[in-house]
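The block underneath contains the structure these notes are about, expressed in structure tokens.
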Protein chains: 2
Amino acid sequence: MATMTAAQRREQARVAYDAFLRDCPTNQLLARLSDKWVSLVVAALAAHDGPMRYSDLGRRIAGVSQKMLTQTLRALERDGIVGRTVTPSVPVRVDYELTELGRSLSGLLVAVKEWAEAHMDEVAVARDRYDQETAAV
Amino acid sequence: MATMTAAQRREQARVAYDAFLRDCPTNQLLARLSDKWVSLVVAALAAHDGPMRYSDLGRRIAGVSQKMLTQTLRALERDGIVGRTVTPSVPVRVDYELTELGRSLSGLLVAVKEWAEAHMDEVAVARDRYDQETAAV
DNA sequence: CAGTATCCTTCATGATACTG
DNA sequence: CAGTATCATGAAGGATACTG
């Protein structure tokens, strides 16, 4: 190893990183779940009894763009977490709802969201103290 | 305000801290928590009894760069979720551990991480089916 | 209504090098 | 050991316009 060139070390690092990704699909899944829009979409669907329409979700989740909403819903549909039902009326009607798999997840994500809501004050206090101490130095 | 009932005050607090609302501080906090590195750092600290050193964390979390590890730890320290202890020896020793607040959160994030580990197979199957159906069209 | 397509900007991340 | 500093780049995300 001591005779490795920098290029060889870089190559080995790259391969090791790729291997890590390949052998650990769980990390990719965790990265998907660790997404603000995913949390909000799943929480919105969990909070609402029955299916929600595309525009309902857009209205409920203030600040989400059409692009991100569609993108997030597609990813969640692909992962089997939400179901999508198209009613070919005029105009078209599309409903989204959590699947069985999605419901097994939603409680966990909702808990994180509610933790954020419940502990916002404590975090704000901690930030103020940190900023004070940091500025003092 | 003096005529507000406790229920009304709670309701107002709930609305004010609704994570679904844009520009709500809770929304920003949720975005912070919805971070792959945050999940992994908190999970690593939660899994390990007692404090962990910077290099321990770097080794445990494969694929994290120094920059992201430091950045994540600083943010978590600022938010009062992890504590940082410097021992001015030579060489310097720095230990990180979850605070009380951090422990109240860690269980939730660990649950999400374990959900990802437990349901990876189902998600993989769902993806295959989705890709099949999509390609068929 | 429920998207798609495109452009464009900023921001997050990684690689690299340096330090008390 | 535990960082900090700097740079480069790709990708995330928003704005806008269009469509079946």
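Keep in mind that this is a model prediction, so the values were computed, not measured. Chain identifiers are assigned alphabetically (A, B, ...) following the order of the sequence lines, protein sequences preceding nucleic acid strands; residue numbering begins at 1 within each chain.
Nucleotide C:dC1 holds its C1' atom 14 Å from the CG atom of A:L57, rounded to whole Å. Computed from coordinates, the B:Y54 OH to D:dG3 P distance equals 6 Å when rounded to whole Å. Rounded to whole angstrom, the span from the NZ atom of B:K36 across to the P atom of C:dT13 amounts to 10 Å. As a whole-Å value, the separation of A:M52 CE from C:dC1 P is 14 Å. For the pair B:R93 CZ and D:dG3 C1', the computed distance is 16 Å after rounding to whole Å. Counting to the nearest Å, the P atom of C:dA2 and the CG atom of A:L69 are 10 Å from each other.
Sorted by first and then second residue, the side chain to side chain donor-acceptor pair (under 3.5 Å) pairs involving residues 115-126 of chain B (not counting sequence neighbours) are A:S104-B:W115, B:K113-B:E117, B:W115-B:H119, B:H119-B:E122.
Remark: B:R84 does not engage B:D95 in a salt bridge, criterion side-chain N to carboxylate O under 4.0 Å.
Hydrophobic cluster membership is shared by B:M68 and B:I61, with clusters built from Ile, Leu, Val, Met, Phe, Trp and Tyr side chains linked at under 4.5 angstrom.
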Classify every nucleotide of nucleotides 8-20 of chain D by which part a protein heavy atom approaches to under 4.0 Å, writing B for the base, S for the sugar-phosphate alone and - for neither, in 5'-to-3' order.
-----BB--B---
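Here the nucleotide nearest the side chain of B:R84, chosen from C:dC1, D:dA2, D:dG3, is D:dG3. Distances were taken from every side-chain heavy atom of B:S55 (C-beta onward) to each of D:dC1, C:dA2, D:dG3; the shortest belongs to D:dC1.
Side chain of B:D35 to main chain of B:W37: a donor-acceptor pair is present (N/O by atom type, distance under 3.5 Å, no hydrogens or angles). Of the possible donor and acceptor atoms, none in the side chain of A:S34 sits under 3.5 Å from a partner among the backbone N and O of B:S34.
Note on A:Y96: a side-chain N or O is less than 4.0 Å away from OP1 or OP2 of C:dG3.
Between A:E97 and A:T85, the closest heavy-atom pair is OE2-OG1, 4.5 Å.
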